[in-house]
Amino acid sequence: MATGHIPRYVVAADGSDYLFSAMVVFFVVLVVLIGVGYLTLHSVPEKMAHENNHPQFQLVGILALLALFTHNGLFWVAAILVAGFQFPDFATPLRNIADAIRSLARVPAPEPVPEVTEQTPPVSETGEVQEHSK
């Protein structure tokens with residue numbers, strides 16, 4: 001019997017299944033693309049913080065990793081919020097105030113007073129004190 005009317009996607013007598021082979025390749029490519037997309041999405045907060053030279057860069061990285069490993073979206077949202085907003089810097093003005101107060105409180109150190117030493121008359125080898133005559 002002639003099999004000319006059977007479509008190509010039907011398995012042939014030799015066992016070759018072109019549709020199955022195409023679906024395997026498609027599925028592998030799809031899984032890899034989903035994985036790359038997932039990891040790219042989780043690195044968005046870190047990229048934002050790195051581009052803005054954010055002071056809490058390490059905190060953003062930790063939150064993004066926690067979101068990646070725990071599959072908890074709250075950590076990822078927190079990482080986006082921390083990376084997106086600059087927190088005001090309270091430490092620098094307070095440090096400047098403390099330095100100014102410290103510089104005002106410093107009293108210049110007094111000049112060291114040279115010690116006055118009494119001149120002792122020279123002693124001879126025999127142990128007698130020699131007097132200087134003027």
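Leu68 and Val77 end up in different hydrophobic clusters when Ile, Leu, Val, Met, Phe, Trp and Tyr side chains are linked at under 4.5 Å. Hydrophobic clustering (ILVMFWY, side-chain heavy atoms < 4.5 Å, transitive): Val32 and Leu41 are in distinct clusters. Transitive grouping of hydrophobic side chains (ILVMFWY, heavy atoms separated by less than 4.5 Å) brings Leu65 and Tyr38 into a common cluster. Residues Met23 and Ile34 fall within the same hydrophobic cluster, defined by Ile, Leu, Val, Met, Phe, Trp and Tyr side chains chained together at heavy-atom separations under 4.5 Å.
His54 contributes a side-chain N or O that, together with a main-chain N or O of Phe85, makes up a donor-acceptor pair within less than 3.5 Å.
Distance check: Leu94 CG to Phe90 CZ gives 9.0 Å after rounding to the nearest 0.5 Å.
Across all non-hydrogen atoms, the minimal contact from Trp76 to Ala67 is N-CB, 3.4 Å. The two residues Val60 and Ala83 come nearest to each other via the heavy atoms CG2-N, 3.9 Å.
Taking the side chain as every heavy atom from C-beta outward, Leu39 and His42 never approach each other to under 4.5 Å. Ile80 has its side chain out of reach of Leu63: every pair of non-hydrogen atoms, C-beta onward, lies at least 4.5 Å apart.
Using the six-membered ring where Trp is involved, His50 and Phe57 have ring planes that are tilted, between 30° and 60° apart.
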